[in-house]
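Here is the structure we will look at.
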Amino acid sequence: MENYQYILFFNQIGISAIGEVGGKNASLGEMYNQLNPMGINIPNGFAVTAKGYRLFRKENNLGKPLQDLMRSLDTKQYSNLASVGDKARALILAAPIPTAIQDEIRQAYQSLSNQAGITNLGVAVRSSATAEDLPSASFAGQMQSFLNISGDEQLIDAVHRCFVSLFTDRAIKYRHDMGFTHLDIAISVGVQQMVRSDKASSGVAFTIDPDSGFENTIIINGCWGLGENIVQGTVTPDEWMVFKPTLENPDYNPILKRHCGRKEFTMIYSDEAENSSAEKTIINIDTPLDRRNQFSLNDKEVILLSQWCYTIEKHYNKAMDIEWAKDGLNNQLYIVQARPETVHGKANKKVREIHKLKDKGSLLTKGIALGDKIASGKARILNNPQEGDLLQKGEIIVTDLTNPDWDPIMKRASAIITNKGGRTSHAAIVARELGTVAVVGCGNATCSIKNGQEITVSCAEGKEGNVYDGLLKWEIKEQDFSKLEMPKIDPMLILADPERAFELSHYPNQGVGLMRMEFAISNTIKIHPLALCEPEKITDKKIATEIAALTKGYADPKNYFIDKLAEAVSIVAAAFYPKDVIVRMSDFKSNEYANLIGGKYYEPDEENPMIGFRGASRYYSDFYRKGFALECEAMKKVRDEMGLTNVKLMIPFCRTVEEGENVLTEMAKNGLVQGSNGLEVYVMIEIPSNVLLADEFAKLFDGFSIGSNDLTQLTLGLDRDSTLVSYLFSEENPAVKSLIKETIRVAKRFEIKVGLCGQAPSDIPAFAQFLVHEGIDSISFNPDALIKGIENILEAEKKFLTKTNKSTLKLDE
C-alpha cells in the first residue's frame, strides 16, 4: 500500500482513531477490520484525515480570519448567524486544497477503484468531524455528505465541500451549544464505495426502541433507493420490529411487527452525474404505486440485517444507530455507517410524568407520536427554515419535513408536526434530543391545520399522535418509583393498548395479569372476524370496499386478522418477556361486535348483552366457531412460531364446567392443546357459579383470575353502569368478599395460581389488606393505579407480618 501522509484506508483504522478520522470513520474502520471477517458486509474505503484538513487551513492562512469571524458571532440572539456562516464558507470555498492532499486523494481513489475492478468507482463522501457522533455530541447530520461521486475532480470537489460544511449555520450554532471551541474541531472526510441501493433499498436501524428505551428490540426502517430520504424525513418508511431474545434461534420468527410505509419518493443516481458538481449527482423521483405497496426488504433479509445489528451492538457494548443499504446489482446487504444511539435516557428514569387529556376536541390530523407528552399553542406553518423568524417562542411548527437547517428553529417550538417522515427521520431524532412533543408523518398537517390556529398536540395516547382543535386541558401526574420495593404478592398490569407495552415494561411489575384482546381488534383490525370468514353475507358495497382496502396485500383476508392480532399480542409478550402475559380471549358483547366493520351482518340484537352471548359461549358455538379459530391461530403463531411461550391464555365468562370443557376441546382442534409447549389456560372467576363450582373449574384450568367488577355486579344483581343503583356497587360487600375468599381457598387447595384484576386494591387500602390476608398470588392494576396499588400491598403485607409475628409470640409464650 502507498505511504500516505493524509490518507488512512479502513483496514488501517480502529475505534481509537477518532482524533485522526472522527467518530464516523473510526467506526467504519473498526467494523471493517473486526466485523467484516464475521460475515458482516462493510464497503471498503479510506479517510482523508484531520491532519489533511489542518494543513489545508494552515497553508491558506484561514485560522485568524475564521477566529475573528467566530468572535463576531452574536451568541445570544444569533442575529448575524447567517452572515457569519456565509463569510466563513466563502473563505473556505475560495481556498484551494493543497496539491499534496489532492495527489494523495487521487492515488487512494485509484487504488480503491482498482480493488473493486471498476473505473471511476462511485463513492459516498461523508464528513466526519472529530467531535461528531460521540456520546457527548449526538446530533447527527451537522456536516454534509455527497453520494454517487465518481472521478478525481468530482471527488476533490466533494472533499472540499465537506471542509466547507464544517461552517454551516447549524454546525456553528451546534458547536456553541455543545461548548466546543470552533477552531479546535477538525474534519475528516470518509470516502466509501457506493452500494447500488439506487437500484434496491436502504435505511436505518436502531438496536433499541428509540422512543421508550426498551432494549430487547431492533427497529429497522427502509425505503426504495438511497437512504437519505429516511434521514431527511422525505418519506414515510417501512418499519420492522425484531425481538432480540429469539433472534438467534432458527426455530422462531423474531419479527414482532411489520408496517408498510408510503415510501413516497425514491432517490436514485442522476443520469448527468458524471458532468455535474458534487452537489448534483442524485435526484428524487416519485415512487410508483406498486412499489409503495411493496416492502423494501423481505423477512429473510430483515432477520439477517437484525442479526448483524445485534452483533454490532454487542461488539460496541452499547445501543447503536446504524445505516444499511442493499445493492440492487448483487442483491447483497451492507452496513454503511454505525454510531452510538444516545437518546434512551427514559429507560433509566425512576420518576415519570404521566400526561393525560381531560378534554375532548375535534381531531385535525394524526401521525406517529414521539414521546408521551402533550403540548398546546398557536400553529405556525413554515415552508422552509428561512421563514424561521416567523416562529414565536412556544408556538408549534407545522411543516412538510425538516432537515438539520431547522435545528436552531426547532428549539423554540413547543411542538413539531410534519407531513412526512418516520420514527427515524430528522424531525423525530431532534424532537427526542430536545424532549419536544412531535407528531410526524401526518400526510396532511399543513392542509388540515390553519396558520395561527390554536391546537393541542397529544402523544399521550399510544404510538399514534393526535392533533386537536383548540387549547384542551390536560393533567400531569408524577410517578416516583425510585425507592419502591417489590411486595411478595406479584403486582401485575392490566393492559389494553399494545403500543404502550415497551414504556410500561419499565414500571415495577411481575408481568401482565390481563391483556385485553378487544383493543387490538377494535383499533387495529377493525373488521368483524366473520366478515373475513363469510364475506358473501356482506351486501353493502361500501363496507366490502372498506374491508378490501384494509386487507390489501392479503391473498386470504383471514390472515390479515391472524397477523394483526399476533403482532399486537407479541409486542406485549416481548415487552415483558420472560414474565407471564395472560391474554384474555375476546370478550366483546354482541352490541360491541356489531360496531366492528361488517358486524351488523352477523350479530344478534340482544336486550341485555352484558349477560347475553359473550365469552366462552361464543367460542364453541356454530355461530362464532370460525371467528374463534382465527383467535386461536393468532395465539398459536405467537407461542409456537414466534417462541413467546410466556403467553398464557384466559377464558372469560365461562358459565358452566361443561362450557369450559367445550372451549378447551375447541382450542385443541385449532392447535392450542393445554400443556403442549407449556401452554396454560386460566379461567376468569366473574360469575357466582364459578365460585360455587370452583373445585370442578380448578380440575379443568391452570389458574384463576378474579374479575372483581363482573363478580360484584352479578353477585349483587345490579348493573354497575346504572346511576340509579351504582351506590350499591362495592367489592367490599360481605357477599362478594366471601366469594373471593372461597376462590382463593380452592386455588390454594388445588395448588393453582389465583389473581385479581380490578381497581379496588389501589383505591381501598382495606381491600388490599383483605386480599393479602387471604393469600392471593397476584393483583393486576391499570397503569395509572399501579404505584398506589403496590404501596397498598406493601402496607398490607407489613401489617399482616406484624400481626403474624404477634400471634407466633403468644404461641411461644
Side-chain angles (χ1 to χ4, degrees), residues 27 30-42 201 203-210 212-222 238-259 295-326 331-341 344 347 424 498 501-502 505 511 563 566-567 569-581 635-647 676-679:
S27 181
E30 177 77 9
M31 291 192 295
Y32 186 82
N33 288 303
Q34 302 297 324
L35 302 180
N36 214 26
M38 297 170 62
I40 298 177
N41 296 333
I42 314 290
S201 58
V204 298
F206 288 96
T207 64
I208 192 170
D209 180 67
S212 66
F214 180 67
E215 296 177 350
N216 263 353
T217 191
I218 293 168
I219 306 293
I220 297 173
N221 280 183
D238 295 333
E239 182 167 297
W240 297 266
M241 187 182 291
V242 181
F243 191 45
K244 291 177 189 173
T246 54
L247 180 57
E248 294 174 318
N249 189 328
D251 294 333
Y252 297 132
N253 184 343
I255 301 174
L256 299 174
K257 186 177 181 180
R258 303 163 187 81
H259 172 73
F295 279 104
S296 50
L297 290 175
N298 60 42
D299 281 5
K300 188 177 178 181
E301 290 167 332
V302 169
I303 293 169
L304 176 62
L305 183 57
S306 299
Q307 290 168 340
W308 287 359
C309 292
Y310 196 20
T311 300
I312 293 168
E313 179 188 60
K314 286 187 283 190
H315 176 77
Y316 285 100
N317 196 30
K318 61 184 69 173
M320 299 295 288
D321 171 357
I322 296 164
E323 293 184 23
W324 62 270
K326 180 182 176 183
N331 287 320
Q332 294 292 306
L333 288 168
Y334 293 86
I335 300 296
V336 296
Q337 199 175 134
R339 63 175 72 88
E341 200 285 336
H344 59 274
T424 53
F502 288 169
S505 70
D563 286 354
E567 281 181 1
V569 173
S570 69
I571 288 170
V572 178
F576 293 89
Y577 185 89
K579 299 172 185 174
D580 287 350
V581 171
M635 296 306 97
K636 189 172 183 295
K637 181 175 181 178
V638 171
R639 287 181 45 84
D640 297 347
E641 293 181 29
M642 304 176 79
L644 294 161
T645 53
N646 59 322
V647 167
S676 176
N677 199 16
L679 174 62

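Computed from a predicted structure; not experimentally measured.
Under the side chain to side chain contact (heavy atoms under 4.5 Å, CB included) rule, His315 has a single partner from Met31, Glu30, Met38, Met320, which is Glu30. Shown are Thr246, Ile255, Leu256, Val569; of these, the side chain to side chain contact (heavy atoms under 4.5 Å, CB included) with Met642 is made only by Leu256.
Separating the CD atom in Glu301 from the OG atom in Ser296 is a distance of 9.0 Å, to the nearest 0.5 Å. Put simply, CH2 on Trp308 and CD1 on Ile42 are 7.5 Å apart, with the number rounded to the nearest 0.5 Å. The CD1 atom of Ile322 sits 4.0 Å away from atom SG of Cys309, with the distance rounded to the nearest 0.5 Å. Annotation: the span from Ser306 atom OG to Ile218 atom CD1 amounts to 5.0 Å, rounded to 0.5 Å. One distance of note links OG1 of Thr645 with CG of Asp640; it measures 9.0 Å at 0.5 Å rounding.
The minimum heavy-atom distance between Lys326 and Asn331, with the atom names listed, is CE-OD1, 3.9 Å. Between Ala566 and Val638 the shortest heavy-atom distance is O-CG2, 3.5 Å. Across every non-hydrogen atom of Phe576 and Ser505, the tightest pair is CE2-CA, 3.7 Å. Closest of all the heavy-atom pairs between Ile312 and Ala338 is CG2-CB, 4.4 Å. Thr207 approaches Ala319 most closely through the heavy-atom pair OG1-CA, 3.3 Å. In terms of heavy atoms, Pro210 sits closest to Ile219 at CD-CG1, 3.9 Å.
Side-chain atoms of Lys257 and Ile571, non-hydrogen and from C-beta on, do get closer than 4.5 Å to each other. A heavy-atom distance below 4.5 Å is not found between the side chains of Asn216 and Ile208. Val204 has its side chain out of reach of Ile220: every pair of non-hydrogen atoms, C-beta onward, lies at least 4.5 Å apart. Contact annotation: the side chain of Phe243 approaches that of Leu644 to within less than 4.5 Å [non-hydrogen atoms, C-beta and beyond].
Using modelled atom types, one side-chain atom of Asn41 and one backbone atom of Leu333 make a donor-acceptor pair closer than 3.5 Å. The backbone N or O of Asp251 sits less than 3.5 Å from a side-chain atom of Asn249, completing a donor-acceptor pair. No side-chain donor-acceptor contact under 3.5 Å links Tyr316 to the backbone of Thr311. When atom types are taken as modelled, the side chain of Thr217 and the backbone of Val242 share a donor-acceptor pair closer than 3.5 angstrom. Distance alone, capped at 3.5 Å, places no donor-acceptor pair between the Arg339 side chain and the Asp321 backbone. Using a distance-only test at 3.5 Å, with no hydrogens or angles considered, a donor-acceptor pair links the side chain of Trp324 to the main chain of Asn221.
Taking the centre and axis of the six-membered ring of Tyr577, the NZ or CZ atom of Lys579 falls outside the cone set by 45° and 6.0 Å.
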**Q.** Intermediate values then yes/no, side-chain contact (heavy atoms from CB on, under 4.5 Å), Val647 and Asp580
**A.** CA-CA 6 Å; Val647 167; Asp580 287 350; over 6 Å; no
Q: Begin from the C-alpha positions of Arg639 and Asn677 and carry the test side-chain contact (heavy atoms from CB on, under 4.5 Å) through to its verdict.
A: CA-CA 8 Å; Arg639 287 181 45 84; Asn677 199 16; 3.9 Å; yes
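A side-chain N or O of Asp209 and one of Ser212 form a donor-acceptor pair less than 3.5 Å apart.
Arg258 and Glu239 are not joined by a salt bridge, as no carboxylate oxygen comes within less than 4.0 angstrom of a charged side-chain nitrogen. With respect to Lys637 and Asp563, a salt bridge is recorded, a charged nitrogen being found less than 4.0 Å from a carboxylate O. Ionic pairing of Lys314 and Glu248 is present here: one or more N-O contacts between side-chain nitrogen and carboxylate oxygen are shorter than 4.0 angstrom. With respect to Glu641 and Lys636, no salt bridge is recorded, no charged nitrogen being found less than 4.0 Å from a carboxylate O.
Heavy-atom neighbours of Lys244 NZ from other residues, nucleotides or ligands within 6.0 Å: above the threshold of 12.
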